[in-house]
Number of protein chains: 2
Amino acid sequence: MATVVKARAARQRGATEQLADRAEAEKGASLPLGRILEGDCIAAMRGLPTASVDMVFADPPYNLQLGGDLNRPDGSHVDAVTDAWDKFDSFKTYDAFTKGWLTEARRVLKPNGSLWVIGSYHNIFRVGAILQDLGFWILNDIVWRKANPMPNFKGTRFTNAHETLIWASTGEKARYTFNYRAMKTLNDELQMRSDWVLPICGGAERIKRDGSKAHPTQKPEALLYRVMLATTNKGDVVLDPFFGTGTTGAVARRLGREWIGCEREADYIAVAEERIAMALPLDESALTTMQSPRAAPKVAFGQLVETGWIAPGTEIFDKKRKFVAHVRADGSLTSGSACGSIHGLGAQLQGAPSCNGWSFWHVEHGGEVKPIDALRQLYLLATED
Amino acid sequence: MATVVKARAARQRGATEQLADRAEAEKGASLPLGRILEGDCIAAMRGLPTASVDMVFADPPYNLQLGGDLNRPDGSHVDAVTDAWDKFDSFKTYDAFTKGWLTEARRVLKPNGSLWVIGSYHNIFRVGAILQDLGFWILNDIVWRKANPMPNFKGTRFTNAHETLIWASTGEKARYTFNYRAMKTLNDELQMRSDWVLPICGGAERIKRDGSKAHPTQKPEALLYRVMLATTNKGDVVLDPFFGTGTTGAVARRLGREWIGCEREADYIAVAEERIAMALPLDESALTTMQSPRAAPKVAFGQLVETGWIAPGTEIFDKKRKFVAHVRADGSLTSGSACGSIHGLGAQLQGAPSCNGWSFWHVEHGGEVKPIDALRQLYLLATED
DNA sequence: GGCCTAACTGAATCCTTCG
DNA sequence: GCGAAGGATTCAGTTAGGC
């Protein structure tokens with residue numbers, strides 16, 4: 001089904017863009033898809049071609065600046081992030097590091113690709129400001145509201161119960177991917193909001209080695225699932241510069257996306273490779289998602305007239321029958337001295353800046369009053385392959 | 001009650017600090033308490049003594065950078081923030097402005113005072129980075145989750161459903177005020193989290209002049225109420241450099257805090273003065289409406305799919321197995337050529353006007369057939385706060 | 001007054017394609 | 001790059017008016 005959609009999309013696109021597609025495919029052949037590049041992520045990204053990936057998901061070090069040890073009220077010790085990779089001398093050092101990897105990420109991204117970064121209040125403000133300075137255009141900030149956060153044991157602050165993600169395109173005019181309909185469906189037919197309630201990663205999902213957690217900041221797969229479903233298409237290439245134990249890779253594989261990871265620590269790489277090998281790709285039918293009308297085949301109103309679904313001369317009207325118009329042979333409408341397309345005349349009569357004629361105009365059909373969009377749906381069903 | 005706390009605090013502190021308190025009290029006499037300083041806030045703050053206020057609450061311009069007009073799907077026009085005070089040439093200009101007022105705020109704050117700033121993704125990352133650069137120490141970032149945000153009318157992004165507040169002390173070692181007990185009580189004996197669900201300011205609370213809103217971005221009093229209750233004591237001095245229509249002043253008066261405002265626009269000052277004069281100190285009945293109920297644990301079907309409780313591709317069916325469908329990656333269902341949400345497809349297949357998908361659809365789970373609602377209950381139990 | 005429905009509103013970086 | 005035309009797009013809450 002997804003291939004059908006893709007083929008249809010290709011048919012509707014110009015020859016130039018198809019050539020670009022082929023060029024991309026060839027470049028893709030040289031991309032290290034499904035591989036973890038060992039070493040510093042900036043160096044690793046330098047080896048990737050410019051404008052070659054569709055999305056970057058980054059979970060950089062948070063620069064937590066933790067003080068001494070922390071104990072719970074019962075005296076037990078809290079296992080904090082004390083790894084060397086989270087240590088920076090100063091904000092200046094952290095900023096330079098951030099600017100470095102963001103610059104490479106920007107180069108590697110396709111013009112219509114997008115960037116995701118996750119962080120906490122320790123680092124996210126610096127990351128956000130720097131990515132704006134580099135020319136990224138913020139589309140949303142997303143709050144991951146943790147269903148079960150660690151409490152503040154000392155009672156000195158509010159429970160830190162969320163993390164922040166930034167979603168950004170490469171620039172103001174970029175045409176990024178957003179699967180609006182799939183998100184709306186995922187959220188019980190309400191628009192998906194900028195605050196996401198998801199549990200933290202624990203239980204069976206949390207990877208352990210020798211009885212303790214394999215990585216201190218493993219993200220839940222559900223988070224990556226929503227990110228990828230929302231802002232990539234099947235077959236897209238997702239790059240994660242801070243791969244860790246490979247959550248991005250595991251979810252990408254499940255969702256039929258390609259992936260590339262960068263990681264410095266050999267231990268994490270070993271865990272990630274084993275983990276991704278076990279991730280089961282979903283089959284085609286499960287991967288199909290609800291499509292926006294934007295992606296559906298276009299039906300012009302004139303087509304319904306030509307094929308006899310609506311006869312020329314038919315009277316059509318708005319829901320309250322405040323306005324009445326007649327259909328002409330070319331699919332245009334007349335109402336008194338005014339005329340125009342279904343959209344244009346609807347807007348004109350209402351004095352509105354725009355109007356969706358498909359839902360505005362109604363017609364009597366089989367004894368019932370229906371919006372003309374209902375006829376379009378019937379037409380589509382009847383002419384389906 | 002608050003005085004008791006204060007007395008205890010005084011007893012526990014040294015003689016030097018008590019002297020400092022007395023010095024502060026004398027300085028306080030010269031502070032323009034309960035007054036709105038007209039003009040630019042940086043200039044106004046320069047007239048205030050160093051280390052003289054206990055808290056700064058700032059709601060600076062967000063630098064929204066809006067494009068053209070926006071209309072709702074019904075054709076109505078969205079009344080946007082187009083005021084001159086929100087216009088900046090560039091990020092550089094905005095940063096300089098931000099650094100200017102934050103520097104003065106820092107000087108005016110007492111060593112153990114704290115700073116609050118509210119913003120959106122347009123500006124908050126810049127504000128956060130700059131205040132860190134100035135030496136402020138972030139204590140929490142707080143997410144105001146709007147119960148009723150404006151939707152994204154064009155379906156191009158996630159609904160921007162929150163704003164972010166930063167709470168910071170003057171430095172890492174500062175002994176800031178945090179009324180832990182009061183917050184826990186306000187939150188039904190659970191620690192107050194970093195995400196607050198509150199309605200936007202509307203209805204009777206929204207101040208109008210000549211039938212239209214007096215200020216485009218009036219904040220709800222409930223927000224200020226929680227901020228002040230959490231991080232100031234009775235009698236503390238609260239400074240608001242962007243006073244607007246005086247929400248900070250009105251809440252300060254009600255809660256027995258002193259306040260100082262800065263505001264450039266004479267129109268806003270007039271509104272604020274009238275408003276604060278009418279604010280009744282400690283209106284207990286209003287207090288109850290301030291306590292928002294905890295976010296209703298609403299779970300969308302898609303969330304069960306994302307979190308792996310129901311895998312994409314899973315077969316689900318009605319009780320009599322008359323209808324069978326398969327789950328897709330976005331939480332939609334397919335059955336033959338039909339597809340839709342759990343509710344929509346259920347209705348469609350039965351030819352019914354509506355259907356409760358949660359009780360209609362069943363799934364095999366642990367060898368038993370259960371309605372999917374049972375899985376939702378399990379999920380809720382597992383992720384409960 | 002009470003109930004029902006229509007109209008209105010909110011810090012918003014809010015379309016796409018073709019000529 | 002720009003203008004014109006096609007056509008896709010909303011949620012929770014309050015207020016006002018009709019009956």
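First the proteins, then the strands, lettered A, B, ... as listed; each starts at 1.
- Contact between the side-chain N/O atoms of B:K213 and the OP1/OP2 oxygens of C:dG10 is found at a separation under 4.0 Å.
- Base engagement by A:C355 is indicated by at least one non-hydrogen atom pair under 4.0 Å involving a base atom.
- When heavy atoms are screened at a 4.0 angstrom cut-off, A:W358 is found touching the sugar-phosphate backbone but no base atom.
- Base-pair partner of C:dC14: not found among the strands shown (Watson-Crick or G-U wobble, both distances under 3.5 Å).
- A:S335 places a side-chain N or O within 3.5 Å of a backbone atom of A:V324 that can act as its donor or acceptor partner.
- For D:dA12 and C:dC14, the P atoms lie 23 Å apart once the distance is rounded to whole Å.
- A 3.5 Å limit on both hydrogen-bonding distances identifies C:dC4 as the Watson-Crick or G-U partner of D:dG17.
- A close approach under 4.0 Å does not occur between any side-chain nitrogen or oxygen of A:K298 and OP1 or OP2 of C:dT17.
- Atom-to-atom, CZ of B:R206 to P of D:dG13 comes out at 16 Å; the value is rounded to the nearest Å.
- When both distances must be under 3.5 Å, the Watson-Crick or G-U wobble mate of D:dA12 is C:dT9.
- Looking at heavy-atom distances under 4.0 Å, B:T217 makes contact with a base.
- A sub-4.0 Å separation between OP1 or OP2 of D:dG6 and a side-chain N or O of A:S341 is present.
- Of all nucleotides listed (C:dG10, C:dC14, C:dA11), C:dG10 comes nearest to the side chain of B:D79.
- On the C1' atoms, D:dG18 is 14 Å away from C:dG1, given to the nearest whole Å.
- By the stacking rule of 5.5 Å between ring centres and under 30° between planes, B:F153 does not stack on the base of C:dC14.
- Counting only heavy atoms from C-beta outward, the side chains of A:F323 and A:Q350 approach each other to under 4.5 Å.
- The shortest distance between side-chain heavy atoms of A:I138 and A:L131 falls below 4.5 Å.
- In this structure, B:D59 reaches the bases: a heavy-atom distance under 4.0 Å links it to at least one base atom across the strands shown.
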